Amino acid sequence: MKIIDTINGTLSPLPPIWFMRQAGRYLPEYRALRETTSDFISYCLDSEKASEATLQPITRFDFDAAIIFSDILMIPWAMNRNVRFITGEGPKLDPLAHPADLIVPDSAVIMGKLQPVFDAISKTRTRLSDDKALIGFCGAPWTVSTYMIEGGSSRDFATARKWLWQDPAACDQLMDHLVSASIDLLAGKAAAGANILMIFDSWAGVVPSYLRHRFLIDPVAKIISGLRERHIDLPIIAFPKGLSGGFADYVKATGCDVLAVDHTVDPVWLDAHLPKDVVVQGNLDPVVVETGGDALCDAADHIISAFSGRPHIFNLGHGIGQFTPIPHVTQLLNHLRNTYQ
Ligand code: CP3
């Protein structure tokens with residue numbers, strides 16, 4: 001698998017390529033499949049449909065990795081937080097009035113409810129060709145906790161942030177519950193056949209730097225060390241979106257194998273400030289893919305050139321937008337595949 005070779009340190013002119021949210025609403029075949037189930041959670045729990053959605057972008061674009069179709073909010077759903085997705089409004093949950101209010105079901109109960117996700121992984125692994133990696137994922141405890149406390153998406157996560165200062169011990173406890181469920185989830189995904197694991201910390205940028213170690217780094221480090229203690233050696237990608245510095249420290253302290261960065265990080269600066277053996281994933285602005293034109297190829301070339309001296313997985317800086325025209329994706333992939341070989 002090309003992406004695994006890259007993670008193991010092999011440099012190649014054309015990096016392995018996949019896109020965050022590559023299975024999603026910009027694809028007509030995804031929209032058609034999605035219409036067959038009204039409720040998003042049931043759709044994620046239909047292992048046949050989840051497997052089909054996972055494979056759609058591979059069939060169409062021949063990406064080097066597939067990411068299992070699921071969601072980071074499946075853990076809160078399995079913890080009975082009444083997770084639902086309302087069209088046009090995004091996710092909604094019953095908000096926790098206090099971080100200590102979470103009543104955690106038995107791990108076996110949580111994992112039993114998530115069994116269809118593991119089934120989707122085993123089905124997909126047998127359907128994928130051997131040169132493609134299958135990525136299993138979870139949300140990082142901080143990001144997942146923001147949804148559980150705010151009851152959905154938020155502009156500045158003021159309530160979740162307030163609790164970090166007001167009752168840090170209760171927040172530690174909430175993080176620990178999420179750490180332990182995440183270890184179980186990722187271990188289950190590994191056992192079902194995933195080749196790489198990824199931890200999405202989409203709202204890492206919101207945590208004040210003073211609290212970064214306690215609430216961003218430590219929970220992710222605990223997930224990774226927990227997996228290693230269970231002898232799960234799969235490569236782990238961490239995506240601390242919005243992190244504004246301290247990248248080398250983040251990699252060292254979490255123990256992740258790949259650092260995924262968003263499009264606000266300057267690739268030339270990052271390359272100069274990270275040890276040369278750190279594998280980087282990223283970081284094209286998804287909006288330039290939506291825009292297309294010369295800017296798209298120029299911006300991609302800039303990233304490839306900046307990271308040419310280290311192992312690099314080409315990706316976007318965040319998920320591909322739902323209104324991205326497919327010809328722009330094809331333009332980008334043709335450009336990369338024809339220019340770098
Ligand atoms: O292709 C893939 O990347 C695999 C599937 C995947 C989804 N969600 C499917 C999905 C992955 C990896 C995620 C992760 C996820 N989910 C994150 C972390 C990554 C990121 O984007 O920052 C977050 C924060 C979530 C929470 C979430 N799920 C939100 C905020 C939404 C609503 C988005 C919207 O615009 O409505 C979702 C729903 C969701 N998850 C969709 C998809 C394809 C869209 C809803 C649909 O198809 O009906």
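Heavy atoms only: backbone and side chains are in, while hydrogens, waters and symmetry mates are out. Remember, it's a predicted structure, so these values are computed and weren't measured experimentally. Atoms within each ligand, like the ligands themselves, are counted from 1 in listed order. In what follows, residues are counted from 1 in the order of the sequence shown.
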Element-labelled atoms of ligand 1 that are located less than 4.0 Å from some non-hydrogen atom of [X]:
X    : answer
S202 : 18 (C), 19 (C), 20 (C), 22 (O), 24 (C)
I67  : 1 (O), 2 (C), 3 (O), 4 (C), 12 (C)
R34  : 46 (C), 47 (O), 48 (O)
A23  : 1 (O), 43 (C)
P91  : 29 (C), 30 (C), 31 (C), 32 (C)

Mode of [X] contact toward ligand 1 - side chain, backbone, both, neither (heavy atoms, under 4.0 Å):
X    : result
Y147 : side chain
K241 : neither
H318 : side chain

Checklist entry - Between R127 and E48, is there a side-chain N and carboxylate O pair less than 4.0 Å apart? => result yes

Checklist entry - Is R214 salt-bridged to D172, cutoff N-O under 4.0 Å? => result yes

Item to check | atom 23 (C) of ligand 1: nearest protein contact (heavy atom, Å) | outcome: I72 CD1, 3.5 Å

Checklist entry - Evaluating non-hydrogen atoms only, which member of S70, G319, G136, G152 is closest to atom 5 (C) of ligand 1? => result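 Heavy atom nearest to atom 5 (C) of ligand 1 belongs to S70.
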
Next on the checklist: Judged on heavy-atom distance to atom 45 (C) of ligand 1, which of F40, F85, F69, F200 sits nearest?
Outcome noted: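 Minimum heavy-atom distance to atom 45 (C) of ligand 1 goes to F40.
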
Is there any N or O on [X] that sits under 3.5 Å from an N or O of ligand 1?
X    : answer
R25  : yes
T143 : no
W203 : no

Item to check | Residue pairs, two or more places apart or on separate chains, that pass side-chain hydrogen bond (donor to acceptor under 3.5 Å, both in side chains) and touch residues 155-168 | outcome: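 side-chain hydrogen bond (donor to acceptor under 3.5 Å, both in side chains) check on residues 155-168 returns H98-D167.
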
Checklist entry - Linking I/L/V/M/F/W/Y whenever any side-chain heavy atoms sit under 4.5 Å apart, do V261 and V287 land together? => result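 Unlinked, V261 and V287 end up in two clusters.
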
Checklist entry - Minimum heavy-atom separation for F118 to L185, with atom names? => result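 Heavy atoms of F118 and L185 come nearest at CE2-O, 3.6 Å.
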
